[in-house]
Amino acid sequence: MNLVDINTMFPTDEKCREMLTRLRWPEGVRCPRCSMDTTELETEKTLYYCKQCDYQFSVTAGTIFNDSHLPLTKWFIATLLICEAKKGMSACQIQRTLGLGSYKTAWYLCHRIRAAMAQVDKPMLDGKIEMDETYVGGKSHSIGRPKDKEVVIGIRKRNGDLRLFHAKDVKAETIARYIRENVSQDVDVIFTDDYASYPSAIKRAGVPSRKHKTINHSKKIYVIGDTHTNTIESAFSLFKRGVRGTWHHVSAKHLASYLEEMSFRFNRRKDSNLFLDTLRHMVTASVLTFEKLTA
Ligand SMILES: [Zn+2]
């Protein structure tokens, strides 16, 4: 899918609505309140009516598109641009490209697409896992954690999925929680650097220490056989290029949602249906109000 395809296939809001309807209700339109089959309103083709619970609704009701005044054609283009941009797309760029009236509209639009990307199933990772921590934001270039930087913890299955988290610190208990929530108990091996928290974190997470392999970064050793953390580090550097080059500044408050966006795109980089898959998430994800976003 590229911009020309989108303009050809979805030139009007009606065409966009047809696609969203198929993605939201592949087996026919159902009432979001009582799950009954429903029919289109005779008078207003964009609305459905449920007799069972006397409820009138549109395909975008109660989804990430809820209450948006933007034409769906613009939503579709914004979604494509965000899907295609490996290092991300800033709200400024979206505003210019779509000719949106205000930065605020573009910013809210981007955040809603990101919120849908965050609402995905995250199965437990197994096989060979790399785990690492890094720091983003702030001004200083010192090593370690300066006070003005945020902690990002990354977990990646080799040749598989990536997970990125905005963590409050790098203490063993914090790292252990991310392992428990993301790594399967029958993992083959977890590769980390020699950061002091890992042995204790891995033990607390219930993974036997024989499954933990360490690479001695502090002694400037980066690869021994298949022991390395290069694939998680390459994901970190892609994210950091996005922060520097595209978003310029990511506030601590919204860091987690940028991390979700990057992992979503990264994990689907070989998926030829990425655009439709993203739309499907958007039309099944729950509402994100401006109030909630800025609270
Ligand atoms: Zn109903």
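Here, residue 1 is the first one in the sequence, and each next residue gets the next number. We count ligands from 1, going down the list as the structure has it; atoms in each ligand are counted the same way.
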Tyr48 six-ring face occupied by Arg30 cation (under 6.0 Å, within 45°) |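 No cation-pi geometry.
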Compute the centroid of each ring, for His281 and then for Phe264, and state whether the two points are separated by less than 6.0 Å.
yes
Test your reading of the model: is there a side-chain donor-acceptor pair from Tyr108 to the backbone of Phe290, 3.5 Å cut-off?
yes
Check the orientation of His111 and His254. Use parallel for under 30°, tilted for 30 to 60°, and perpendicular for over 60°.
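Answer is tilted, since the angle falls between 30° and 60°.
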Can you confirm whether the side chains of Glu130 and Thr229 place a donor and an acceptor under 3.5 Å from each other? no
Spell out the protein N/O/S atoms under 2.8 Å from the Zn ion (ligand 1) as residue plus atom name.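 Per the 2.8 Å query on the Zn ion (ligand 1), atoms found are Cys31 SG, Cys34 SG, Cys50 SG, Cys53 SG.
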Ion pair check, Lys157 and Asp126, cut-off under 4.0 Å: yes
